[in-house]
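To find a chain, count down the sequence lines: A is the first, B the second, and so on, and within it residues start at 1. Only a predicted model underlies this, so the values are computations on that prediction, with no experimental measurement involved. Just so it is clear, the values below take in all heavy atoms, side chains as well, and ignore hydrogens, waters and symmetry mates.
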Amino acid sequence: MTPHLAITDQPIDVAAALAAVQTDTAGAVNCFIGTVRNQSGGRPVRRLHYESYDSMALTQLGHVVSQAYEKWPMLQEVAVVHRKGTLELGDVAVVVAVATPHRAESFAACQFIIDTLKQVVTIWKREEYEDGTEWVAAHP
Amino acid sequence: MYAEDMSLKIALYGITREIVGTSVIELPAPAPATVGALLEELRKQYPALGELRSCAVAVNNEYADNDHPLHTVDEIALIPPVAGG
């Protein structure tokens with residue numbers, strides 16, 4: 001039941017994240033994969049640069065997963081891996097994998113974890129365009 | 001609120017690091033004694049911080065309210081709007 005949480009500057013191994021949540025007590029594994037897309041608000045994006053405050057990111061991620069275990073007591077296993085550094089189009093930026101006995105809770109818990117991660121986990125994203133860069137969400 | 005014999009180190013990330021131009025700010029004594037006083041001081045020194053959508057302060061890896069006290073031994077960081085995922 002100990003969640004597998006990591007921030008890495010290496011390419012994310014999605015299969016390893018799925019293997020980390022495999023358990024014979026779960027009949028459902030749900031996996032969200034966030035990837036780098038080629039535009040943001042209609043503006044072409046060349047690549048992304050992620051920066052992380054690792055120790056706090058892992059602390060906050062731990063809180064998010066604890067909240068998920070409280071909301072869905074049947075939640076079995078959780079893995080969350082977030083990439084940092086420079087990512088090219090199509091690269092995997094984040095993987096959230098959860099295992100539950102039945103499918104409904106797997107969808108709900110997976111969505112809760114990725115949605116809450118985006119609100120509290122100390123990772124920042126700088127988008128690179130043809131004519132400059134911008135920190136995402138920094139200004140109103 | 002300032003503490004006479006206390007100095008602080010503040011870690012900066014993302015856009016706050018670019019605004020200030022360094023990854024660590026060192027505030028000599030007397031340093032702000034609470035999160036609120038620290039934010040007030042830094043916004044005075046770096047007005048661009050006040051233009052951000054938000055700017056939180058973390059103390060020892062947890063988000064801290066304005067009345068949270070600060071100590072020299074604390075790990076303190078400015079947290080601009082996060083954008084993971």
Side-chain angles (χ1 to χ4, degrees), chain A residues 5-8 12 32-37 40-41 45 48-64 80-85 87 92-96 110-127 132-140, chain B residues 8-27 32 34-36 38-40 42-66 68-85:
Chain A
L5 310 177
I7 313 286
T8 178
I12 293 176
F32 172 82
I33 304 172
T35 59
V36 180
R37 65 172 174 168
S40 172
V45 170
L48 296 181
H49 306 273
Y50 283 96
E51 179 175 329
S52 165
Y53 174 11
D54 286 355
S55 63
M56 181 165 176
L58 290 169
T59 299
Q60 298 303 319
L61 205 44
H63 294 336
V64 173
V80 183
V81 184
H82 204 298
R83 179 100 179 261
K84 64 178 178 177
L87 278 71
V92 175
V94 60
V95 170
V96 178
C110 190
Q111 176 156 18
F112 170 82
I113 291 170
I114 183 64
D115 286 353
T116 314
L117 175 160
K118 289 169 84 82
Q119 292 166 14
V120 302
V121 172
T122 47
I123 293 173
W124 298 273
K125 176 161 52 184
R126 192 157 53 90
E127 290 176 342
T133 68
E134 208 167 282
W135 289 100
V136 174
H139 291 102
Chain B
L8 293 176
K9 277 188 193 174
I10 320 296
L12 304 172
Y13 293 94
I15 196 169
T16 61
R17 179 170 40 75
E18 289 189 355
I19 288 171
V20 175
T22 174
S23 56
V24 180
I25 302 177
E26 302 203 21
L27 294 178
T34 63
V35 164
L38 173 67
L39 281 171
E40 198 175 320
L42 292 179
R43 286 194 189 114
K44 208 182 298 170
Q45 288 188 31
Y46 308 98
L49 293 175
E51 294 165 14
L52 298 175
R53 185 192 301 271
S54 67
C55 187
V57 170
V59 179
N60 301 325
N61 295 314
E62 299 288 358
Y63 290 98
D65 293 333
N66 276 347
H68 195 289
L70 298 176
H71 306 285
T72 300
V73 294
D74 287 335
E75 182 176 316
I76 304 167
L78 280 193
I79 309 294
V82 297

**Asked** What pair of heavy atoms forms the shortest contact from B:E62 to A:T59, and how long is it?
**Response** OE2-CG2, 3.5 Å
**Item:** Region of A:R126 in contact with chain B, defined by heavy-atom distances below 4.5 Å
**Value:** side chain
**Prompt:** Which bit of A:S55 is near chain B, if near means a heavy-atom gap under 4.5 Å: side chain, backbone, both or neither?
**Reply:** both
**Request:** Determine the minimum heavy-atom distance between B:R53 and A:P140, stating which atoms define it.
**Result:** N-CD, 3.8 Å
**Item:** Heavy-atom pair of closest approach, residues A:A137 and B:P81
**Value:** O-CB, 3.3 Å
**Message:** Looking at every non-hydrogen atom in both residues, tell me the closest pair between B:N61 and A:M56 and how far apart they are.
**Reply:** OD1-N, 3.2 Å
**Non-hydrogen side-chain atoms of B:V82 and A:Q60 separated by less than 4.5 Å** = no
**Request:** Ignoring hydrogens and angles, tell me if any N or O in the side chain of A:Y50 forms a donor-acceptor pair with the backbone of B:G85 under 3.5 Å.
**Result:** yes
**Message:** What part of A:Y53 gets within 4.5 angstrom of chain B, counting heavy atoms only: side chain, backbone, both, or neither?
**Reply:** both
**Message:** Tell me if a side-chain donor or acceptor on A:W124 pairs with a main-chain N or O of B:P80 at a distance below 3.5 Å.
**Reply:** yes
**Segment of A:S52 engaging chain B (4.5 angstrom heavy-atom cut-off)** = backbone
**Prompt:** Between A:V136 and chain B, which part of the residue has a heavy atom less than 4.5 Å away: side chain, backbone, both or neither?
**Reply:** both
**Asked** Where on A:H63 is there a heavy atom nearer than 4.5 Å to chain B: the side chain, the backbone, both, or neither?
**Response** side chain
**Prompt:** Can you name the nearest heavy-atom pair linking B:L52 to A:H139, along with the distance?
**Reply:** CD2-NE2, 3.7 Å
**Asked** chain B heavy atoms under 4.5 Å from A:V120: which part of the residue, side chain, backbone, both or neither?
**Response** both
**Complete:** When the 4.5 angstrom heavy-atom criterion is applied to B:E18 and chain A, the contacting part is side chain
